[in-house]
Amino acid sequence: MRANQPSSRRAPPDHAAGRALAWVHALNESHGYGRGTLAAVLRPASRPDILLGLTAGHVVSEDERARVGDPCTLRGGVGGTVAGRLFDWYPYFRAVDRAVPMDAGLIELAAPALEPLVDDFAWPVGWADPLPGERLRLLVRQHQVPARMVRVVPVVPMQAGLANLRYEILDAALFDIEADASAGGVLQPGDSGAPVWNERDELVGVLSGSAPAGAGAAAVMTPIRRILAWAKADLVLRHDALDLEDRGAARPAVPAAPPTPLASAVPADAVAAAAALVLARTMWGEAREDGADGMGAVGHVVLNRVMGASWWGRDIESVCLRTAQFSCWNAGDPNRPKMLAVTAADPQFTMASSLAAAFVAQAPADPARVRADPTLGATHYFSRRLPRWPAWAAGRSPVAEIGHHLFFKDIG
């Protein structure tokens, strides 16, 4: 059986119209976190033996105690409880991340174990990008609440959890909700992670929560494209087979250039585009006054940290957004609002974007990149304008001086 054909076992029900029967709770059982909602089920490309339940990240990690492997459960209204374990998430509150690329959490599930929840869950027919002004539906508490897409914004401040933790989501989507009295109110506890669909039953995003005051919209979601790119996974769709034997069959090839922005798999360039945008902002925010040489040097430092695969992070976005590492991302830094608002109309940002795309297109450890690195492998730098050297640089000599910055390597 092909994986996009109706399952030989129970097929997911059709929730195309009217009242949604779906409401599957997702929760981390380890630390008494709040309950959230299951948005979708993902099929990871590198692990055909598992499925991943998708919800909001703060649902499964409200503080620093969360760990990979924490016991998690999905609870349906009819099918009972399915056990899983915490796989990955953003924000990492353990690191007190302030700016994150998404609010998303993944729960590892055994494929056969999910069968009891087939009838409890609303399965999408595909995924799409949310479009400004588009009619949407928020699936919460067994209801489909009418909504409308407003816009994607560079950064949205959020507040989550019992600990009242604050963080920011980059490139999040704002949408308005039309109150539905039969739904018992809008955005109640437990709604975080709920799926947002368009009128074609395609998943467009995952609910993070209420929008902050003055945002010009009611709610915030992470667009699904970014989540799928991060998870390196595809959606399990309506009528897909869930059992492991059936899922082993090859799916039809996805056209290289679909005629619409819709797709059933994440294009490879979506991953690169997300990383390049964060890297371009970082380079521009840190060294735009030093031109291509200065911004390129910052890009090399980022890739040197990625290559080191340490606590800084193991990919470009994680390294750039690590708390208190690149000052342009620091809350309260006067440079930060400018960096988040800059567009291609700025020549220096256009240059940074071009440099970032080139960096992302090559592996950090590529010998050609390493040989061309003007920082000679540096992982740290600071502005020579500082009144005094930072403590970590005491007694050390810079390996390079580029523009207004001194560069260092072999820093513990």
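Throughout, residue positions are numbered sequentially from 1 according to the sequence presented.
- A donor-acceptor pair is defined here as one N or O able to donate and one able to accept, closer than 3.5 Å; such a pair exists between the side chain of D103 and the backbone of G57.
- Taking R135 as the reference, E178 meet the side chain to side chain donor-acceptor pair (under 3.5 Å) condition, with sequence neighbours excluded.
- We find that E317 and R226 are joined by a salt bridge, their nearest charged nitrogen and carboxylate oxygen being less than 4.0 Å apart.
- Defined by atom type and a distance below 3.5 Å, a donor-acceptor pair is present between the side-chain atoms of Q144 and R137.
- One distance of note links CG of L54 with CD1 of I224; it measures 5.5 Å at 0.5 Å rounding.
- Residues L321 and L170 form a side-chain contact, since some pair of their non-hydrogen atoms from C-beta on lies under 4.5 Å apart.
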Practice prompt. Just do the side-chain contact (heavy atoms from CB on, under 4.5 Å) check on W197 and W127 with the steps written out, would you?
Written response: CA-CA 8 Å; W197 287 9; W127 69 268; over 6 Å; no

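- The ring pair (Phe, Tyr, Trp, His ring centres under 6.0 Å) search around F175 returns none, not counting sequence neighbours.
- Contact between L187 and A219 at its shortest, heavy atoms only, is CD1-CB, 4.0 Å.
- Among the candidates L203, L235, V236, L237, the single residue satisfying the side chain to side chain contact (heavy atoms under 4.5 Å, CB included) test with W123 is V236.
- Atom CG of L136 is separated from atom CG of L131 by 9.0 Å, given to the nearest 0.5 angstrom.
- Expressed to the nearest 0.5 Å, how far CZ of R288 lies from CE of M339 amounts to 9.5 Å.
- Remark: D129 engages R225 in a salt bridge, criterion side-chain N to carboxylate O under 4.0 Å.
- Residues that satisfy the side-chain contact (heavy atoms from CB on, under 4.5 Å) test with A280, not counting sequence neighbours, are F349, A352, S353, A356.
- Across all their heavy atoms, A56 and V206 have their closest contact at N-CG1, 4.2 Å.
- Proximity of a side-chain donor or acceptor of N335 to a complementary backbone N or O of G285 within less than 3.5 Å is detected.
- Proximity of I107 to F87: side-chain heavy atoms (C-beta onward) are nowhere separated by under 4.5 Å.
- At a threshold of 4.5 Å between non-hydrogen side-chain atoms, the residues L86 and R67 do not count as touching.
- Checked by atom type, the side-chain pair H404/R385 shows a donor-acceptor distance below 3.5 Å.
- Side-chain contact check for P374 versus I402: some heavy-atom pair is nearer than 4.5 Å.
- A donor and an acceptor atom, one from each side chain of S192 and H58, are located under 3.5 Å apart.
- The side chain to side chain donor-acceptor pair (under 3.5 Å) search around S383 returns none, not counting sequence neighbours.
- Not a single donor-acceptor pair under 3.5 Å links the side chain of Q348 to the backbone N or O of W284.
- Note that the NE2 atom of H380 and the CZ atom of F407 stand 12.5 Å from one another [nearest 0.5 Å].
- Every side-chain contact (heavy atoms from CB on, under 4.5 Å) that A110 has, sequence neighbours left out, goes to P112, A113.
- Within the 4.5 Å cutoff, no side-chain heavy atoms of L42 are placed close to those of L51.
- Residue pairs satisfying the salt bridge (Lys or Arg N to Asp or Glu O under 4.0 Å) criterion with at least one member in residues 328-348, sequence neighbours excluded, are listed as follows: E168-R336.
- No hydrogens or angles considered: a donor-acceptor pair under 3.5 Å links the side chains of S318 and Y90.
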Practice prompt. Go through S327 and E286 one step at a time and tell me if the side-chain contact (heavy atoms from CB on, under 4.5 Å) criterion holds.
Written response: CA-CA 7 Å; S327 62; E286 293 285 303; 3.3 Å; yes

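- The backbone N or O of G105 lies less than 3.5 Å from no partner atom in the side chain of T55, so there is not a single donor-acceptor pair.
- Heavy atoms only, all atoms of each residue included: S61 and W89 are closest at OG-NE1, 3.1 Å.
- For the atom pair CZ of R47 and CD1 of I50, the computed distance is 4.0 Å after rounding to the nearest 0.5 Å.
- Residue S210 holds its OG atom at 7.0 Å from CD1 of I177, rounded to the nearest 0.5 Å.
- Between M149 and M221 there is a side-chain heavy-atom pair separated by less than 4.5 Å.
- Between I316 and V306, the shortest heavy-atom contact is N-CG2, 3.8 Å.
- A donor-acceptor contact shorter than 3.5 Å links the side chain of K409 to the backbone of L376.
- Defined by atom type and a distance below 3.5 Å, a donor-acceptor pair is missing between the side-chain atoms of R35 and N28.
- Residue pairs meeting the salt bridge (Lys or Arg N to Asp or Glu O under 4.0 Å) criterion with at least one member in residues 351-380, sequence neighbours excluded, are R369-D373.
- No donor-acceptor pair under 3.5 Å is formed between the side chain of T37 and the backbone N or O of G193.
- Scanning all heavy atoms of the two residues, the minimum distance from A378 to N304 falls at O-ND2, 2.8 Å.
- In this view, F359 and H300 satisfy the ring pair (Phe, Tyr, Trp, His ring centres under 6.0 Å) rule, not counting sequence neighbours.
- Of the possible polar contacts, none joining the D290 side chain to the A287 backbone as a donor-acceptor pair under 3.5 Å is found.
- The existence of a salt bridge linking R85 and D70 is excluded, since no basic side-chain nitrogen approaches an acidic carboxylate oxygen closer than 4.0 Å.
- Every residue meeting the side-chain contact (heavy atoms from CB on, under 4.5 Å) condition with Q325, not counting sequence neighbours, appears here in chain and number order: R305, W311, W312, R322.
- Annotation: side-chain contact (heavy atoms from CB on, under 4.5 Å) contacts of A211 (sequence neighbours excluded): L174, A215, V220.
- With sequence neighbours excluded, the residues forming a ring pair (Phe, Tyr, Trp, His ring centres under 6.0 Å) with F408 are F382, W389, W392, listed by chain and number.
- R384 approaches L406 most closely through the heavy-atom pair NH2-CD2, 3.8 Å.
- Here the side chains of L27 and V60 are not in contact, with every heavy-atom distance at 4.5 Å or above.
- Proximity of L340 to W329: side-chain heavy atoms (C-beta onward) are separated by under 4.5 Å at one or more points.
- In terms of modelled atom types and a separation under 3.5 Å, the side chain of D88 and the main chain of L106 share no donor-acceptor contact.
- A search for side chain to side chain donor-acceptor pair (under 3.5 Å) contacts involving E134 returns nothing, not counting sequence neighbours.
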